[in-house]
Amino acid sequence: MTENTQQPASPPELPTQYAPAEVEGQLYERWVERGYFEADAKSDKKPYTIVIPPPNVTGSLHLGHAFQHTLMDALTRRKRMQGYEALWLPGMDHAGIATQNKVEQQLAEEGKSRHDLGREAFVERVWQWKEEYGGKILGQMRRLGDGVDWSRERFTMDEGLSRAVQTIFKKLYDDGLIYRAERIINWCPRCLTAISDIEVEHEDRDGELVSIRYGQGENAIVVATTRAETMLGDTAVAVHPDDERYRHLIGTEVELPLTGRRIPIVADAHVDPAFGTGAVKVTPAHDPNDFEIGQRHNLPSLTIMDEHAVITVHGPFQGLDRLEARSAVVGALRSQGRIVAEKRPYVHAVGHCSRCKTIIEPRLSLQWWVKVEPLAKAAGDAVRDGRVKIHPQEMSGRYFQWVDNMHDWCISRQLWWGHRIPVWYGPDGEVVCVGPDEQPPAGEGWTQDADVLDTWFSSGLWPFSTLGWPEQTPDLVKFYPTDVLLTGHDIIFFWVARMMMFGLYAMDGVAPFHTIALTGLVRDERGKKMSKSFGNVVDPLDWMDKYGSDALRFTLARGANPGTDVPIGEDWVQGSRNFTNKIWNATRFALMNGATVEGPLSSVEEMSAADRWILSRLNATVAETDALYDDYQFAKLSDALFHFAWDEVFDWYVELSKTTFIAGGRPAQVSGRVLGEVLDVLLRLLHPVVPFVTEALWTTLTGRESVVVADWPTDSGFRDAAAEAEIGAVQSLITEVRRFRADQGLQPGQKVPARLELSGTGLGAHEAAVRQILRLQPEGDAFTATATLPVAGATVALDLSGTIDVEAERKRLAKDLAAAEKERAQATAKLGNDAFLAKAPEPVVDKIRTRLAAAEADIARITAQLASLPQA
RNA sequence: GGGCGUGUAGCUCAGUGGUAGAGCGUCGCGUUUACACCGCGAAUGUCGGCGGUUCGAAACCGUCCACGCCCA
């Protein structure tokens, strides 16, 4: 038994492999039970708040969530450890269209529609659905380890949040920022509701461009269109006022084919004379641009389709779907000889409903709108004047592009599931907007607006409605404004801008967060977008089951370069799992060798160079990690911790310390305390990203309650350049001998007698460690040096008992010599350049001089070695 | 059409003017106080092309090529 087993109590036994499935669930439940994630509005600590961008109640966890949640969790866990009153607030939005669709599908299977149930019963049914199937994602967030405050979980349809919706609607209405108007909106003929501009996805499609001749003879005019069926609703033809070709026709009328209606030819400066024939058909009820032309010229708007996009006019086409109608209309026109040209395929962008992919039908309709101009301006200014920072900064361009060019926002939806518009219409045309504490007008003939509000209208209130607004609750006072909004850059327009607009408006100009941290999107291992049609979608739960949540989290964090997309593949998750296992085993080794966190560290004088070196590196790593966290550089900080842990602590410090531990005694105690310190700090640094494995190990190592509530490490300021240089020399020495051994074909474990000449190098203290690591035996009586390696000022003489592979050695030395000669040539050239000497800064010149000297020394050494080799 | 971005090792990506890097993969050797989910060693690059600025360019400027995203 070696002396180091005299540590207090017997070290806890750890299995040789980390088994995440066995610890994660119970650790998470323990964290929740102990209330670590519950924030206290009454505490004196500085608040740190993040609200979760609310996921959709119908959704489940995908890699994008896993990614963003990992980062948000890391941010809040670190701040909690730093002593902030950290609140990460969870919840979901009610996803009007998506949720209503789900329940309607369910009803359809029963052969029913929502109209069979009626509004009240239908909404009741949606609530039932939510209780039964909704919020799957919440359980999955627990699996991921999200340290959210479940006691504050919110849902956009909750009573409090609904009150916030009604309050702000009334306020905006009274301020003239909400109005009702008949305009062209994006209509989904399948969802049967209006949707906003950003819920429309534009995709290029093969279509047709048909040129149609309107009118006869002298007065004939040719228009081109991709949507021939809309000609049934044309109420004018427009040309540019300066277009010589058509000037004589302006003010005349032309006969609209198939219908026999006569429509005017108007002059409008917005017509592009260079596009097509320079004449455009005008369908004010079915095209936004045409609508504007119609407004300018007082044209009638003729709606020719119903809500299902079925033609409602003109006998032969009545009852046809818009696409059937298109070919029918073209056919009819062709038979009349009115088709002048047809271009097919003609690629053009077509808008689709982001929920169901149905082609959007622009439709004239009476809707509620938010007048966004003053709100959007405030949202832009808050970023422009630096009150809110967008990270990474390059992304702010997109934000401005949108905020500065935003159209009025259509907020009414023809759905039943959602916040009903709090406006009542009276029998004599009265319109009354009802606030949260007001009674709707009573009496005969009063009805409430049938529509509900866009889901994003309530999500936009999320940073303060979840904290109790409009009441001045302790939560609101303590935790608003929040600190960071972290989400994907694809969501700037959905959440970020709307939260900014409403936050500034409702909270007296105080922005809802000071930082907007934007992430990229998760892609597959080839950098391809994940989509059902590619079949490359991965369920994060599968990887969590297989490799542990920490492995998934670490992989995602390590890929999180600001604003760029994150490719992820199973191999990489496996690599991260290997890392968690490596930490596990290093801690296991430490515990078996008496590593401890008890008592103060020994004096520097008592420590070995390796001890001082690793403590110096540890503190530098603490400082580096902190700086990277403050800059949202998750990839870099994860990488820095990975390399410090594996390349420095595990590969070198542990190896260099083995001889000390074997020898036992006071030095083993000193190093045991240092190793305990290093692991203690390292586990705390890693905890925000890999919470489970670090908790399991840290509690075992320290015997304390939980790393979740441990103090975040701080840089003690300890640095030891001399120790770093000394260990660097030891590393070169060992690496050089390893190369020699490998080139000589020696098996790694093969023991070789050797003589070490370390005098004058200051490395004498490391002889035992060097011999241990390199498997070098003491020189016996019969020692005969068959190879001598000069390195780092020292000499290692090896007895390979027999001839060495001279050719292998010559090859290795020749390679080194070539490298050194190249180095010398480069340095010599630079130093021979007067311009370089005159203009380059002094430190750079010194560096080149040092390199030249080193190269020359190497060349001399290697040349001598080559000369000493036996001739072949 | 407008705007933004990207191009570096086989793959995925770091690298903001001073010796080209990481992870994974590849090749060779291998049970050593933890760990084979491991260890040691090795190979691998006209830094997309061309031109310019500079003592010095993967980086800065111009231009071309290829790809991606957003908006119209």
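Just so we're clear, the structure is a prediction, and the values are computed from it rather than from any experiment. Throughout, protein chains are lettered first and strands after them, A, B, ... in sequence-line order, and every chain is numbered starting at 1.
Among B:C38, B:C29, B:U19, the nucleotide with an atom closest to any side-chain atom of A:W646 is B:C38. Residue A:N833 places its side chain closer to B:C55 than to any other of B:C55, B:G41, B:U19. Looking at the side chain of A:P748, the nearest of the listed nucleotides B:G18, B:G41, B:C29 is B:C29. When the nucleotides B:C71, B:G23, B:A34 are ranked by their closest atom to the side chain of A:Q401, B:C71 comes out on top. Of all nucleotides listed (B:U19, B:A43, B:A22), B:A43 comes nearest to the side chain of A:K815. Of the listed nucleotides (B:G41, B:C38, B:U32), B:U32 has the atom at the smallest distance from the side chain of A:R775. Closest contact between the side chain of A:F836 and the listed nucleotides B:A42, B:C24, B:G18 involves B:G18.
Heavy-atom nearest nucleotides on RNA chain B were determined for A:R577 and for A:D565, and the one closer to the 5' end corresponds to A:D565. Between A:A835 and A:P841, the residue whose closest nucleotide on RNA chain B is further toward the 5' end is A:P841.
The distance from atom CD1 of A:I492 to atom C1' of B:C4 is 11 Å, rounded to the nearest whole Å. As rounded to whole Å, 6 Å separates atom P of B:G23 from atom CZ of A:F642. A straight line from CD of A:Q772 to P of B:A34 spans 10 Å, rounded to a whole angstrom. With rounding to whole Å, A:N578 atom CG is found 19 Å from B:A22 atom P.
When both distances must be under 3.5 Å, the Watson-Crick or G-U wobble mate of B:A36 does not exist. Pair check for B:U63 finds B:G49; Watson-Crick or G-U wobble, both atom distances under 3.5 Å. With both pairing distances under 3.5 Å, B:G1 is matched to B:C71 as a Watson-Crick or G-U wobble pair. Pair assignment for B:U44: none, as no Watson-Crick or G-U wobble contacts are both less than 3.5 Å.
Among the atoms of the strands shown, base atoms are found under 4.0 Å from some heavy atom of A:F650. At a threshold of 4.0 angstrom between heavy atoms, the contacts of A:E394 with the nucleic acid are absent. Contacts of A:T580 with the nucleic acid, taken as non-hydrogen atoms under 4.0 Å apart, are absent. Residue-level contact check: A:H489 touches neither bases nor backbone, having no heavy atom under 4.0 Å from any strand. Among the protein residues, A:D651 comes within range of the sugar-phosphate backbone only, with heavy atoms under 4.0 Å from sugar or phosphate atoms but none that close to a base.
When the side-chain nitrogen and oxygen atoms of A:K830 are compared with OP1 and OP2 of B:U19, none of them lie within a distance under 4.0 Å. Put simply, A:Q574 has no side-chain N or O that comes within less than 4.0 Å of OP1 or OP2 on B:C37. One finds a side-chain N or O of A:T564 lying less than 4.0 angstrom from the OP1 or OP2 phosphate oxygen of B:A14. OP1 or OP2 of B:C37 has not a single side-chain nitrogen or oxygen of A:N585 nearer than 4.0 Å. Contact check, A:K636 against B:G15: a side-chain N or O comes under 4.0 Å of OP1 or OP2. For B:U19, the OP1/OP2 oxygens have no side-chain nitrogen or oxygen of A:K822 closer than 4.0 Å. Contact annotation: A:K582 side-chain N/O to B:C37 OP1/OP2 distance is not under 4.0 Å.
Residue A:R398 places no side-chain atom within donor-acceptor reach of the base of B:C70, judged by atom type and a 3.5 Å distance cut-off alone. Applying the 3.5 Å distance criterion, the base of B:C37 shares a donor-acceptor pair with the side chain of A:Q17. Under 3.5 Å, the side chain of A:E655 and the base of B:A34 form at least one donor-acceptor pair of N or O atoms.
In this structure, A:R498 satisfies the cation-pi test against A:W409, with its NZ or CZ atom closer than 6.0 Å to the six-membered ring centre and inside 45 degrees of the ring normal.
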